[in-house]
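This one's a predicted model, so the numbers in the text were calculated from it and none came from an experiment.
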Amino acid sequence: MIDYEPLPEKYFDKDALTLAQALLGRVLVHHSPEGTTAGIIVETEAYLSKNDPACHASRGKTKRNAVMFGPPGRAYIYFIYGMYYCFNVVANAQEIGEAVLIRALEPVEGQELMRKRRKKSRSFLDLTNGPGKLCMAMGIDLQLNGFPLFKFPFYLGKGIDIELDMIKSSGRIGINQAQDKPWRFFLQGNQFVSRR
DNA sequence: CGGGAGATGGGCT
DNA sequence: GCCCATCTCCCGA
């Protein structure tokens, strides 16, 4: 079954490529005033500190990306396309500037609340199968930027065990830089992985 | 049901 | 002023 024991802070002190794979199968939990929602991570992307122009940290520290240069295991959240948020987990040691984008979840708790937050979605499969969608469904916004992801009310738990041969990789989605690099990871055959 | 374009605003050159 | 780590609607088939 699903293990909700929070991961320790040191768990996140890995390079982004390693962490992106390690986070598959972990459970993201948010106890909000509206209620509790949770989902298993099924799709991630790594953004690296070196030779990665698509990484927000690639041009140095700014007000927006400052969290990426802080300690690992914090939430890096930013506003995109004028209407959506994206949720990342800060990887590696302080001042490195790496993160893992969470691209899709499999809902395991609070499905009704997710539906309420995502009025426009028609089906269960549409609730959390994309970075903007999962932020909406989980109630994630800029208020949670920088939050340590091993504390109530917003944290990552152990979740479920993943067989290594179930992890597949591909190029990252929605960017033009380094498309040849297989830095997107997902669980083979999982219905909640965003397609393409 | 698949492709394409519009929405929409902050960050950076 | 242009570029986005996106999503939804609307169209044609």
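Toward the 5′ end of DNA chain C lies the nearest nucleotide of A:Ala57, the other residue of the pair A:Met136 and A:Ala57 mapping further downstream.
Applying the salt bridge (charged side-chain N to carboxylate O under 4.0 Å, His left out) definition to pairs two or more places apart or across chains, those involving residues 133-149 of chain A are A:Asp126-A:Lys133. Among residue pairs with one or both ends in residues 143-165 of chain A, none qualify as side chain to side chain donor-acceptor pair (under 3.5 Å); sequence neighbours excluded. Sorted by first then second residue, the side chain to side chain donor-acceptor pair (under 3.5 Å) pairs that include residues 16-29 of chain A, not counting sequence neighbours, are A:Asp15-A:Thr18.
Take A:Glu34 and apply the side-chain contact (heavy atoms from CB on, under 4.5 Å) test, not counting sequence neighbours, and it matches A:Ser32, A:Leu113, A:Arg117. Annotation: side-chain contact (heavy atoms from CB on, under 4.5 Å) contacts of A:Ala38 (sequence neighbours excluded): A:Tyr4, A:Val27, A:Val29, A:Val108, A:Glu109. With sequence neighbours excluded, no residue satisfies side chain to side chain donor-acceptor pair (under 3.5 Å) with A:Gln177.
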### Task
Let me have a per-nucleotide readout for nucleotides 5-13 of chain B, 5' to 3', with B, S or -, counting only protein heavy atoms under 4.0 Å.
--BBBSSSS
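At C:dT6, one or more side-chain N or O atoms of A:Arg103 fall inside 4.0 Å of OP1 or OP2 (strictly under the cut-off). Residue A:Asn88 places none of its side-chain N or O atoms closer than 4.0 Å to OP1 or OP2 of C:dA5.
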Side-chain polar contacts of residues 80-96 of chain A - donor-acceptor pairs under 3.5 angstrom, sequence neighbours left out - could you list them?
| unit_1 | atom_1 | unit_2 | atom_2 | d |
| --- | --- | --- | --- | --- |
| A:Asn88 | ND2 | A:Tyr76 | O | 3.2 |
| A:Asn92 | ND2 | A:Glu98 | OE1 | 3.2 |

### Query
Between A:Arg103 and A:Glu45, is a salt bridge (Lys or Arg N to Asp or Glu O under 4.0 Å) present by the stated rule, with each step listed?
CA-CA 7 Å; A:Arg103 286 196 53 88; A:Glu45 280 178 5; 3.7 Å; yes
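Nucleotides B:dG3 and C:dA5 have their P atoms positioned 23 Å apart, rounded to a whole Å.
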### Query
How would DNA chain B look in dot-bracket form, 5' to 3', counting Watson-Crick and G-U wobble pairs with both distances under 3.5 Å and writing | for bases paired to another strand?
|||||||.||||.
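The nearest whole Å value for the distance from the CG atom in A:Leu134 to the C1' atom in C:dT6 is 11 Å.
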